[in-house]
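Everything below concerns the one structure shown next.
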Amino acid sequence: MNIFRLTADLMHLASIFILLLKIQKTRSCAGISFKSQLLYALVFITRYIDLFFYWVSLYNTLMKIFFIGSSLYIVYLMQVKFRATNDPVLDTFRIEYLLAPCALLALVANYAFTAQEILWAFSVYLEAGAILPQLFMLQRRGEAETITTHYLFALGAYRGLYLLNWIYRYWAEGYVDWIAWIAGLVQTGLYTDFFYIYYTKVLKGQKFELPA
Amino acid sequence: LETVTIKDEL
């Protein structure tokens, strides 16, 4: 554990708490892509299935339980409790175009042709693109509530910090994980536009609005 | 079950 990874994981935790706060406080999930949240639940389930047979640490286990639990809870909130505020009309990204390539890629590009390694690779590839429905929705709406942009910033920062963590681990331990690295690089890259607007608008006290 | 790489990250 190094400072980059710890901060990254804490940012990830923070992003989920911000999202829960947004939903509970506004009693609405407007502006949040249900498809992205569903994909995250799938990412966590397929990746953390090793919870039952691969022990790393108490920290690791508790975080895995939290990420699986909270992602399912968010899916429940959006699909059941606050269903009326969910806006499927704007949530039009075709996730089959994401799921199918990720499944195919996981079958060809994995560390071993075992169920666990294929599921793990799938979860890593899927996580890289899971934010796309959300960014697509943001693009269609043209604006976002400030709290939603804080959620996205925390989520993007978590990914960015993982890159620093990998640079540090490569230097300190000779740690190498090409699948996670390439997917992580792609994932962080998807946030570049968002980061730019967040920096130039939200952090200067303005509303998050995309140029027409 | 053995994994190929050490999966100690989240």
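As a basis for the values below, the full set of heavy atoms in this structure was taken, side chains included, without hydrogen atoms, waters or symmetry mates. Order of the sequence lines fixes the chain letters, A, B, ..., with proteins taken first and strands second; residue numbering starts at 1 for each chain. Just so it is clear, the model here is predicted, and its values are computed rather than measured.
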Does the side chain of A:Y158 reach to within under 4.5 Å of the side chain of B:L10, using non-hydrogen atoms?
no
Check: residues 147-156 of chain A side-chain donor-acceptor pairs under 3.5 Å, at least two apart:
unit_1, atom_1, unit_2, atom_2, d
A:T149, OG1, A:T146, O, 2.5
A:H150, ND1, A:Y198, OH, 2.8
A:Y151, OH, A:Q37, NE2, 2.9

Highest number of heavy-atom pairs under 4.5 Å with chain B among A:I179, A:V56, A:N60 belongs to A:N60
In terms of heavy-atom contacts, does CG of A:N2 have more than 12 from other residues, nucleotides or ligands at under 6.0 Å?
yes
Answer yes or no: does atom CH2 of A:W178 have more than 12 heavy-atom neighbours from other residues, nucleotides or ligands under 6.0 Å?
no
Identify which part of A:W166 has an atom lying under 4.5 Å from any heavy atom of chain B, answering side chain, backbone, both or neither.
side chain
For A:Y199, does the OH atom have more than 12 heavy-atom neighbours from other residues, nucleotides or ligands under 6.0 Å away?
no
CA sep, side-chain torsions, deciding dist, call: B:K7, A:E117, salt bridge (Lys or Arg N to Asp or Glu O under 4.0 Å):
CA-CA 10 Å; B:K7 294 185 181 8; A:E117 285 292 337; 3.2 Å; yes
May I ask you to say whether A:R169 pairs ionically with B:E9, meaning some side-chain N is under 4.0 Å from a carboxylate O?
yes
Which bit of A:Y162 comes within less than 4.5 Å of chain B, counting heavy atoms only: side chain, backbone, both or neither?
side chain
Most heavy-atom pairs under 4.5 Å with chain B, out of A:W120, A:F67, A:Y48, belong to A:W120
